[in-house]
Amino acid sequence: MDSKKIQMPREVHIGPNVLDEVGEICKDLRLFDEALVVSGFHTFDVAGQQTVDALESSDFGVDVVKVKDASVESVEKVREKIANASVVLGVGGGKIIDVAKLASTYEHSYFISVPTTASHDGIASPMASIKNDKGSISKNANSPMAVVADTGIINTSPFRLIASGCADIVSNYTAIKDWRLAYRLRNEKFSESAAALSEMTAKLIINSSDSIKEGLEESARIVVKSLFSSGMAISIAGSSRPASGSEHLFSHALDRIAKKPALHGEQCGVGTIMMMHLHGGDWRAIQSILKTIGAPTNASELGLDDDEIIDALTIAHTLRPERYTILGDNGLTRDAAIKLARKTEVI
Ligand SMILES: NC(=O)C1=CN([C@@H]2O[C@H](COP(=O)(O)OP(=O)(O)OC[C@H]3O[C@@H](n4cnc5c(N)ncnc54)[C@H](OP(=O)(O)O)[C@@H]3O)[C@@H](O)[C@H]2O)C=CC1
Ligand SMILES: O=C(CO)COP(=O)(O)O
Ligand SMILES: [Zn+2]
């Protein structure tokens with residue numbers, strides 16, 4: 001029996017105004033002296049400055065670095081700033097959290113995740129999705145020491161981001177179907193507990209879809225908890241398998257070829273509709289859930305043209321050849337891609 005390391009956050013603070021306590025949270029975790037705040041060019045104003053103020057009021061020396069994308073260059077830029085920081089705080093969306101997470105891992109510094117919205121399930125996961133010229137690569141990283149999810153801030157984030165986070169969770173359905181297929185056909189390592197947690201998380205979002213509404217503080221709380229659970233499934237599996245299958249390959253393909261990609265979760269949601277059909281599942285149920293949540297269900301709602309959808313479908317299987325999915329080793333022919341996208345009303 002080979003040994004396994006499962007990393008999870010030590011603390012999760014969730015609720016309105018918890019961000020003001022971040023300095024004391026760090027001190028309770030025995031983190032002192034210097035801190036580095038990593039944020040985005042929008043999210044620094046949303047929560048970055050507030051994080052700096054809270055840390056300084058707890059006697060931390062604070063440095064700030066802003067990044068605009070989840071690129072290798074951004075990770076290196078943050079690494080150079082970590083220096084003597086005892087802790088790195090990622091304050092922003094998925095890109096920011098991934099860059100801060102990976103840079104702190106490389107520099108052996110502690111990491112605290114401060115999501116400013118509920119748009120993806122990387123909030124607490126031990127993975128970071130970094131982009132290079134070939135697309136997205138999921139890299140192992142350290143789980144955050146703590147997650148500080150201020151639902152007052154998250155709830156006032158653009159609802160489009162929260163709907164995108166819900167769609168990222170709904171995508172767990174096809175991710176798990178792909179994982180089971182790989183287990184059966186390729187004897188890939190499979191974790192029933194990670195799969196059960198991932199599917200349960202998607203079911204929770206589906207059962208709550210009527211109560212996930214713009215402006216409801218409870219909505220933010222439900223989605224944050226689901227994203228956290230999905231991140232835990234990734235921790236248990238030791239890879240993004242429980243939350244990333246053929247639908248994510250489709251999204252990463254769009255990131256590579258689309259003139260203006262949509263949000264990660266939005267693209268994954270539309271991918272889930274199509275991949276559910278390939279799996280012989282109820283794609284209309286997925287389409288209906290996404291409509292209820294207010295997430296896109298077709299090319300035009302993604303702001304993409306039909307050819308971008310078709311092109312992404314035909315190259316999706318090449319993005320991560322080691323990850324077996326319903327797309328198989330050879331993927332979809334162009335005709336099959338057109339037929340699939342039309343049948344599921346995506347184009
Ligand atoms: N590591 C993991 O396990 C996972 C990683 N991911 C990754 O996460 C990324 C997707 O994250 P996502 O959040 O959708 O995209 P982004 O991080 O690109 O955020 C989208 C936009 O929303 C802005 N924003 C964030 N919070 C607020 C707020 N409260 N108010 C106003 N604007 C806000 C960001 O601002 P700003 O410009 O300041 O950044 C950015 O412009 C992808 O790279 C994906 O691969 C997804 C799932 C899992
Ligand atoms: O987006 C993710 C899970 O929702 C992470 O997946 P990837 O490993 O495909 O980047
Ligand atoms: Zn995702």
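Read the numbers this way: they start at 1 and go in the same order the structure lists the ligands and their atoms.
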Flag for S230-N172: side-chain donor and acceptor within less than 3.5 Å:
yes
Nitrogen or oxygen of H120 less than 3.5 angstrom from that of ligand 1
no
In terms of residue, atom name and distance, what is the protein heavy atom nearest to atom 34 (C) of ligand 1?
T43 CG2, 4.3 Å
Identity of the nearest option to atom 30 (N) of ligand 1, non-hydrogen atoms only, from A124, P158, G94
P158
closest protein heavy atom to atom 26 (N) of ligand 1 is T116 OG1, 2.8 Å
Donor-acceptor contact below 3.5 Å, side chain S198 vs main chain A233
no
Atom 2 (C) of ligand 2 [closest protein heavy-atom partner, distance rounded to 0.1 Å]:
H248 NE2, 3.5 Å
Residue, atom and distance of the protein heavy atom nearest atom 4 (O) of ligand 2 read D121 OD1, 2.5 Å
Give the intermediate values and the outcome of salt bridge (charged side-chain N to carboxylate O under 4.0 Å, His left out) for residues E107 and K81.
CA-CA 10 Å; E107 295 301 318; K81 299 278 283 188; over 6 Å; no
Atoms of ligand 1 less than 4.0 Å from S125 heavy atoms?
1 (N), 2 (C), 3 (O)
With a 4.0 Å cut-off on N to O distance, would you call K213 and E218 a salt bridge?
no
Considering only NZ, NE, NH1 and NH2 on the basic side and carboxylate oxygens on the acidic side, decide whether D69 and K131 come within less than 4.0 Å.
no
for atom 21 (C) of ligand 1, nearest protein heavy atom and its distance come out as L161 CD2, 4.3 Å
Under 4.0 Å to a heavy atom of T117 - the qualifying atoms of ligand 1, by number:
25 (C), 26 (N)
Will you find, in the side chains of K189 and S239, an N or O donor that is under 3.5 Å from an N or O acceptor?
no
Atom 39 (O) of ligand 1: the protein heavy-atom neighbour that sits closest, reported with distance to 0.1 Å:
K95 NZ, 3.7 Å
For the Zn ion (ligand 3), find the closest N/O/S atom belonging to D168 and write down its atom name.
OD1
Looking only at side-chain N and O atoms, does S109 offer a donor or acceptor that is under 3.5 Å from a partner on S104?
no
Could you tell me whether A70 and ligand 1 have an N or O pair separated by under 3.5 Å?
no
Is there any N or O on D98 that sits under 3.5 Å from an N or O of ligand 1?
yes
Should you measure from each heavy atom of S157, which atoms of ligand 1 turn up under 4.0 Å away?
28 (C), 29 (N)
What protein heavy atom is closest to atom 4 (C) of ligand 1, reported as residue, atom name and distance in Å?
G122 CA, 3.6 Å
Atoms in ligand 2 with a heavy atom of A243 nearer than 4.0 Å
3 (C), 4 (O)
Step-by-step salt bridge (charged side-chain N to carboxylate O under 4.0 Å, His left out) determination, R334 to D311:
CA-CA 8 Å; R334 190 163 186 82; D311 292 346; 2.9 Å; yes
One finds that the ligand 2 atoms under 4.0 Å from a non-hydrogen atom of D168 are 4 (O)
Flag the pair F111 / V87 as yes when at least one side-chain heavy-atom distance between them is below 4.5 Å, and no otherwise.
no
So does H248 have any N/O/S atom less than 2.8 Å away from the Zn ion (ligand 3)?
yes
Quick one: look up the protein heavy atom nearest atom 41 (O) of ligand 1 and list residue, atom name and how far away it is.
H42 ND1, 3.7 Å
For the CG atom on N84, are there more than 12 heavy atoms of other groups (residues, nucleotides or ligands in this structure) within a distance under 6.0 Å?
no
If you scan protein heavy atoms around atom 10 (O) of ligand 2, the nearest is S129 OG, 2.7 Å
Please could you name the atoms of ligand 2 that H252 approaches to less than 4.0 Å, counting only its heavy atoms?
7 (P), 9 (O), 10 (O)
The answer for which part of R320 has a heavy atom under 4.0 Å from ligand 2 is side chain
Identify, by atom number and element, the atoms of ligand 1 in contact range of D168, meaning under 4.0 Å from any of its heavy atoms.
47 (C)
N207 side chain to K203 main-chain N or O, any donor-acceptor pair under 3.5 Å?
yes
Salt-bridge test for D178 and R323: reply yes if a basic N is under 4.0 Å from a carboxylate O, no otherwise.
no
Answer yes if the side chains of E24 and S58 hold a donor-acceptor pair under 3.5 Å, and no otherwise.
yes
What atoms of ligand 1 come closer than 4.0 angstrom to any heavy atom of A128?
1 (N)
Looking only at heavy atoms of H120, does any of them come nearer than 4.0 Å to an atom of ligand 2?
no
Heavy-atom contacts with H264 under 4.0 Å: which atoms of ligand 1 show up? List them by number with element.
10 (C), 44 (C), 45 (O), 46 (C), 47 (C)
Quick one: does K131 get within less than 4.0 Å of ligand 1, heavy atoms only?
yes
Mind checking whether H264 has an N or O less than 3.5 Å away from an N or O of ligand 2?
yes
Donor-acceptor under 3.5 Å (T151 side chain, I154 main chain):
no
Regarding Q50 and D150, do their side chains bring together a donor and an acceptor under 3.5 Å, going by distance alone?
no
Flag yes if more than 12 heavy atoms outside Y183 fall under 6.0 Å of its OH atom; otherwise flag no.
no
Relative to each other, are the rings of H277 and W283 parallel, tilted or perpendicular (30° and 60° limits)?
perpendicular
May I ask you to identify the nearest protein heavy atom to atom 47 (C) of ligand 1, giving residue, atom name and distance to one decimal place in Å?
D121 OD1, 3.2 Å
Taking non-hydrogen atoms only, is S244 closer than 4.0 angstrom to ligand 2 via side chain, backbone, both or neither?
side chain
Whether T272 side chain and C268 backbone form a donor-acceptor pair below 3.5 Å
yes
Which N/O/S atom belongs to H264 and is the closest one to the Zn ion (ligand 3)?
NE2
Hey, is I154 touching ligand 1 through its side chain, its backbone, both or neither, going by heavy atoms under 4.0 Å?
neither
Sub-4.0 Å heavy-atom approach of S240 to ligand 1:
no
Atom 12 (P) of ligand 1 - nearest protein heavy atom and its distance
S119 OG, 3.5 Å
Show me which atoms of ligand 1 lie under 4.0 Å from any heavy atom of G93.
13 (O), 17 (O)
Between atom CD1 of I273 and atom OG of S171, what is the distance when rounded to the nearest 0.5 Å?
11.5 Å
Enumerate the atoms of ligand 1 whose separation from the nearest heavy atom of F41 is less than 4.0 angstrom.
38 (O)
Where I286 and G269 come nearest, the two heavy atoms and their spacing:
CG2-O, 4.5 Å
